[in-house]
Enquirer: 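I'd like to ask some things about the structure below.
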Amino acid sequence: MLHTLQHKLIGSLSRYTAFSQILAYLFRIEVAKQTNQDRSNHNLARVRGEETFDYVLPGSPESELIEYAQDEIKELSKYVLTDSPAICVLSGERGVGTTTLLNTLLYKVKNATPIYLNCPYAGYFELISELALALGLDKESTEIQVLARLRKSEETFLITIDNAQRLVKPKVGGLAGLIKLTNLLRRSRKNHRAVIAIEKASWRFVDRARGERLLFDWVTFLPKWNEAQMQSLLNSRINQHDQPSLHFDGLVVPKQWDQADVSEEERAKLGFYRILWHYSDGNPSVALRFFRFSLNRDKESQRVVVRLFNAPQSQELEKMPKPMLAVLRSIVQLEIASPEDVSECTQLTIAEVIGTLRYFQSRGYIEWSEDKARVSDHWFRHITNVLDRQHLLVK
């Protein structure tokens, strides 16, 4: 009877995210202790590179769609799936599923022509060129020609603009591109609707800089994924066809109070999913990355088994001076940034910025794409956690 009451109580409390996070944290500590005791197993070699996608599939149009953000979709639908003009903002952390939600809205619309645009890194004028092509104009069309097309068109458009944070730079005058876009959409004088997706890290700057003066019809924020949604996603991405299934046997996890009696391997799998959910802080892209990072091949049997990943840790980040953290924050907000961009956003000299970027590169915090830096996927969660604790960023 005590066992049954305990199970029901823990199960009821686990419906609250805060309690589930506490359980996951304690659970992760216990698993880490047991894993450290088992480091002597040298018979395993980590699966690396593109091969990991043979076992944990990448996202595709055929991927199972997990039920997520239903309330947010309903709220947006009230504005963009009706016959009234509207400009809405959709904001969420990178990798949380913004693009999928935009495509869901485009699939749902029946009374407008859907247009999806992925904002170019180059900014506003390149975005206007993409919009002109989508409207049936030449790529070299001017802003005035695009506006005339929107005004005179007999058909109504639902325009979704993904990654619009590329129009935002965290500096004085850094909202010029976003302001031009919203003014263009407002002046179209038709029942056109638009959804502008801006990452949460950049939206906080927009909100503080302009506040109510941008006058969007609705601003909604995508929530973190809960544990059940994360379990469904991770299960759906395991390749069950072309490759042998992953094996969770041998992954030592303590018994969890809020789980019913299940097999040892199923208990290990659910425990591992809980660790991924807690570490990723509800971000599915981070969880999938570290799921793939946890794949190991037994050298004797060639079976691919799951073992607890090594999460990146750095005390240097915690103790880092604020100007250096400001450089990291600027890169997170800009997505990719040249040294000149970072210098403008942080008011540091080019020499200081380049020295800081070299320091970050030597530790793997950033990666280079041509002449621009971006935060390493491997360090993304740890860096955003540090910036959040330092009150420099909102996840």
Side-chain angles (χ1 to χ4, degrees), residues 46-53 56 58-59 92-99 118-123 126 162-171 198-202 205 276 279-281 283-295 309-321 323-346 348 350-388 390 392-393 395:
R46 193 162 69 83
V47 179
R48 299 175 182 272
E50 295 296 321
E51 189 182 359
T52 60
F53 292 97
V56 181
E93 188 182 39
R94 182 187 311 172
V96 82
T98 306
T99 302
N118 187 17
C119 184
Y121 288 112
E126 286 70 17
D162 202 0
N163 293 308
Q165 69 276 356
R166 295 167 186 171
L167 300 175
V168 177
K169 295 186 183 297
K171 63 177 184 178
I198 303 176
E199 282 186 12
K200 199 172 182 179
S202 297
F205 172 77
L276 283 175
Y279 175 75
S280 68
D281 199 15
N283 187 311
S285 296
V286 175
L288 285 167
R289 173 177 175 78
F290 281 90
F291 191 4
R292 297 187 181 100
F293 195 66
S294 305
L295 306 182
F309 57 88
N310 291 320
Q313 297 290 334
S314 175
Q315 295 301 318
E316 288 179 293
L317 278 174
E318 299 285 356
K319 301 175 181 178
M320 196 171 286
M324 296 181 72
L325 290 176
V327 170
L328 274 178
R329 178 182 65 177
S330 296
I331 298 173
V332 171
Q333 290 177 323
L334 293 169
E335 192 176 350
I336 63 169
S338 66
E340 292 76 16
D341 291 332
V342 175
S343 177
E344 290 179 359
C345 295
T346 59
L348 298 173
I350 287 290
E352 290 173 317
V353 169
I354 291 175
T356 302
L357 292 178
R358 285 178 176 172
Y359 177 88
F360 290 156
Q361 184 183 9
S362 68
R363 285 152 177 78
Y365 300 158
I366 63 171
E367 301 168 345
W368 287 94
S369 176
E370 296 180 355
D371 60 341
K372 295 188 176 183
R374 68 186 301 273
V375 172
S376 164
D377 290 335
H378 188 66
W379 284 91
F380 174 77
R381 173 50 72 224
H382 186 64
I383 287 172
T384 53
N385 283 341
V386 170
L387 293 176
D388 184 60
Q390 298 284 346
L392 294 174
L393 190 74
K395 291 192 297 179

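Treat the numbers as computed from the prediction; the structure is a model and nothing was measured. The first residue in the sequence is number 1, and the count goes up from there. Just the heavy atoms: all of them, side chains too, but no hydrogens, waters or symmetry mates, feed the values below.
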Enquirer: Hey, which of Ser338, Pro339, Ser343 is the one that makes side chain to side chain contact (heavy atoms under 4.5 Å, CB included) with Asp341?
Expert: Ser338
Enquirer: Let me confirm one number: the CZ-NZ distance from Phe205 to Lys171, rounded to the nearest 0.5 Å.
Expert: 9.5 Å
Enquirer: For Leu295 and Thr52, work out which heavy atoms get closest and say how close.
Expert: CD1-O, 4.0 Å
Enquirer: With a 3.5 Å cut-off and no angle check, do the side chains of Gln390 and Asp388 form a donor-acceptor pair?
Expert: no
Enquirer: Starting at CG of Leu167, measure out to OH of Tyr121 and round the result to the nearest 0.5 Å.
Expert: 13.0 Å
Enquirer: To the nearest 0.5 Å, how far apart are OG1 in Thr98 and NZ in Lys200?
Expert: 11.0 Å
Enquirer: Go through it in stages, so that I can follow the logic: the residues are Arg46 and Phe293, the test is side chain to side chain contact (heavy atoms under 4.5 Å, CB included), and I'd like the CA-CA distance, side-chain angles, deciding distance and then a yes or no.
Expert: CA-CA 8 Å; Arg46 193 162 69 83; Phe293 195 66; 3.1 Å; yes
Enquirer: Could you give the distance from CG (Asn163) to OG (Ser202), rounded to the nearest 0.5 Å?
Expert: 10.0 Å
Enquirer: What are the two closest heavy atoms between Thr346 and Val353, and how far apart are they?
Expert: OG1-CG2, 4.3 Å
Enquirer: Between Leu357 and Ile331, what is the shortest heavy-atom contact and its length?
Expert: CD2-CD1, 3.6 Å
Enquirer: Would you say the side chain of Pro170 lies within less than 4.5 Å of the side chain of Leu334, judging by non-hydrogen atoms?
Expert: yes
Enquirer: In Å, rounded to the nearest 0.5 Å, how long is the span from CD1 of Ile366 to CG of Leu328?
Expert: 8.0 Å
Enquirer: Under 3.5 Å, side chain of Arg381 to main-chain N/O of Ser280, donor-acceptor pair present?
Expert: yes
Enquirer: Does the side chain of Gln313 come within less than 4.5 Å of His382's, by heavy atoms?
Expert: yes
Enquirer: Are any of the side-chain heavy atoms of Leu393 and Gln333 separated by less than 4.5 Å?
Expert: yes
Enquirer: Using the side chain to side chain donor-acceptor pair (under 3.5 Å) definition, which of the options Arg374, Gln165, Lys372 pairs with Glu335?
Expert: Gln165
Enquirer: May I ask you to decide if the ring planes of Phe309 and Phe290 are parallel, tilted or perpendicular, using 30° and 60° as cut-offs?
Expert: tilted
Enquirer: Is it the case that the side chains of Asn118 and Asp162 hold a donor-acceptor pair, with the cut-off being a distance below 3.5 Å and no angle test?
Expert: no
Enquirer: Under 4.0 Å between a side-chain nitrogen and a carboxylate oxygen: does that hold for Arg363 and Glu316?
Expert: yes
Enquirer: Out of curiosity, Ile383 CD1 to Arg329 CZ, how far, rounded to the nearest 0.5 Å?
Expert: 14.5 Å
Enquirer: Mind listing the closest non-hydrogen atom pair of Leu348 and Pro323 along with its distance?
Expert: CD1-O, 4.0 Å
Enquirer: Tell me whether the rings of Tyr365 and Phe360 are parallel (<30°), tilted (30 to 60°) or perpendicular (>60°).
Expert: tilted
Enquirer: Measure across Ser376 and Glu367 and return the closest heavy-atom pair with its distance rounded to 0.1 Å.
Expert: OG-OE2, 3.7 Å
Enquirer: Does any non-hydrogen side-chain atom of Arg94 lie less than 4.5 Å from one of Ser285?
Expert: no
